[in-house]
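Have a look at the structure below before the remarks.
When a ligand or atom number is given, it counts from 1 through the structure's own listing order.
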Amino acid sequence: MDSQQKLESVRASLGVRPPHCSGTCSIPSDKLKLYYDVDDENAGKIDLARATPADLEKLARACQPATFGRNQEDVLDETYRKALKLDASAFSTLFNAESAGLADVIRRELLEGKNDKRDIRLEMYKLNIYGKDSFFKPHKDTPRGEKMFGSLVIVFPTSHEGGEFVLRHEGREWTIDFAEMLSQPSESSDPRFGYVSFFSDIEHEVLLVKSGHRVTLTYNLYFAETQSPVSVDAAPAPYEQVITEALGSLVADPALLPKGGYFGFGLRHQYPVSESTDLACLQTCLKGSDGALSRSLSSLSLNWRLCVLYRDVGIWPKQHYLNTRVIDFSQHHQVEEEDIERLMGEGVERVRFVDMSGTPIKAPERRWWSEGDEDEDEGAKDIFQVTKMPSVFGLRSIYIAYGNEVEMAHLYGDLCLVAEIPAKTA
Ligand SMILES: O=C(O)CCC(=O)C(=O)O
Ligand SMILES: [Fe+2]
């Protein structure tokens, strides 16, 4: 294999796993009873295993229209989300996602590999009802803190048609038709419910409900607070070994970065960030193939860290910086060279992009102006992009346009990971 082929196999190995898991589970029927109490007129109980249309109508009347977050505002817009909701304080149920076995399923199928022994917390969020003609257009679930990694949606076995759950990520799309799945005969005499769990930065949507009532329970998923990131005795998932092998052979290639430098990766998921986020804290919260990549680098004894890339900062010549914090430059129209390092603080590092062989890649205008003049890059560290590294310019450029709620404290940011590649010794 030549270097280019090795590079392609690293890129391919990172895109294997879907960012969600889904299925149906059987459950004792008493666990599907729900009690609600909104006010004197809107209180009652419903058995979601055998709810009649009249029961569901009554529950729907007790609910409020569901709002969502758009451009940092909480809005009610029925052209974007037409659904009803009950807040967790207005109902109680014996249904418990954890005792139904879902924490294990999520650890095994979504987190998997060395992450599958981690403690996770499932926080019940809302009950949603989608009657005929209801839907929720594409959005991401708003991050509520650095430890939040995912979402879980439970779909109860109430009769309905349509309302398929669609997920999209990096040009791929998955459609889950719970109405169809739950109408299939099952081996068990117990009722069944459907579930889908996904990393919350994955765009998802609920298609139009054509008839009946689609009733769901949503949860926010967190990594538990006190936790060593990886349990030592867990075996890596098979696809993680493929990443490690592909990376190992790329790193060992004598033609690649002979003088050493950084391998740069754009993370495939987005993470909750704020100006006070210390990226080192997020290192233990990496999702899906981002986590697999970090574990592969560690198992190859390569040092790595998370960072934010600022491309083309400054007036002229523009420079590229890595930083360990998110800095909001969007208020500054033009940033003077001497201000950059002050604004960026301690964790800042200047980098220059190089190709596989370590030769600097210059923007066309710089090539013309600075022929033979290498000084401007002096002190910058060489970086080779293994996968495309996104750049941010400020918090304002990274808020989510469509979330399921408004949350100002954390926004989804595009982050990078850099790994230190030692110089090759001849
Ligand atoms: O109810 C569902 O199926 C999902 C709703 C959703 O995506 C949300 O509440 O954020
Ligand atoms: Fe959502």
Just say parallel, tilted or perpendicular for the rings of F198 and F165, cut-offs at 30° and 60°. tilted

Looking only at heavy atoms, the pair that brings I176 and V196 closest together is CD1-CG2, 3.6 Å

Pairs under 3.5 Å, nitrogen or oxygen of ligand 1 with protein nitrogen or oxygen:
{"from": "ligand 1", "atom 1": "1 (O)", "to": "Y130", "atom 2": "OH", "distance (Å)": "3.0"}
{"from": "ligand 1", "atom 1": "1 (O)", "to": "T216", "atom 2": "OG1", "distance (Å)": "2.7"}
{"from": "ligand 1", "atom 1": "3 (O)", "to": "R214", "atom 2": "NH1", "distance (Å)": "2.9"}
{"from": "ligand 1", "atom 1": "3 (O)", "to": "R214", "atom 2": "NH2", "distance (Å)": "2.8"}
{"from": "ligand 1", "atom 1": "7 (O)", "to": "H139", "atom 2": "NE2", "distance (Å)": "3.1"}
{"from": "ligand 1", "atom 1": "7 (O)", "to": "H204", "atom 2": "NE2", "distance (Å)": "3.1"}
{"from": "ligand 1", "atom 1": "9 (O)", "to": "R81", "atom 2": "NH2", "distance (Å)": "3.4"}
{"from": "ligand 1", "atom 1": "10 (O)", "to": "H139", "atom 2": "NE2", "distance (Å)": "3.1"}
{"from": "ligand 1", "atom 1": "10 (O)", "to": "D141", "atom 2": "OD1", "distance (Å)": "3.0"}
{"from": "ligand 1", "atom 1": "10 (O)", "to": "N404", "atom 2": "ND2", "distance (Å)": "3.0"}

Original post:
Quick one: does R305's side chain have a donor or acceptor within less than 3.5 Å of a partner on V418's backbone?
Top reply: no

Query - Residue pair D87, K85: steps toward the salt bridge (Lys or Arg N to Asp or Glu O under 4.0 Å) verdict - result: CA-CA 7 Å; D87 291 332; K85 59 119 194 199; 3.3 Å; yes

Which residues and atoms, protein N, O or S only, are under 2.8 Å from the Fe ion (ligand 2)?
->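 Listed by chain and number: H139 NE2, D141 OD1, H204 NE2.
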
- Task: Could you walk me through whether F353 and H320 pass ring-ring contact (aromatic ring centres under 6.0 Å, His included), step by step?
- Result: CA-CA 9 Å; F353 287 99; H320 317 301; 5.2 Å; yes

- Query: For E173, does the CD atom sit with more than 12 other heavy atoms under 6.0 Å from it, leaving out its own atoms?
  - Reply: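 More than 12 within 6.0 Å, yes.
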
Taking only Lys NZ, Arg NE, NH1 and NH2, and the carboxylate oxygens of Asp or Glu, determine whether E205 and R168 approach each other closer than 4.0 Å. yes

Check: Is R70 salt-bridged to E73, cutoff N-O under 4.0 Å?
Finding: no

Would you say that R50 contacts S29 through its side chain, given a criterion of any heavy-atom pair below 4.5 Å between the two side chains? yes

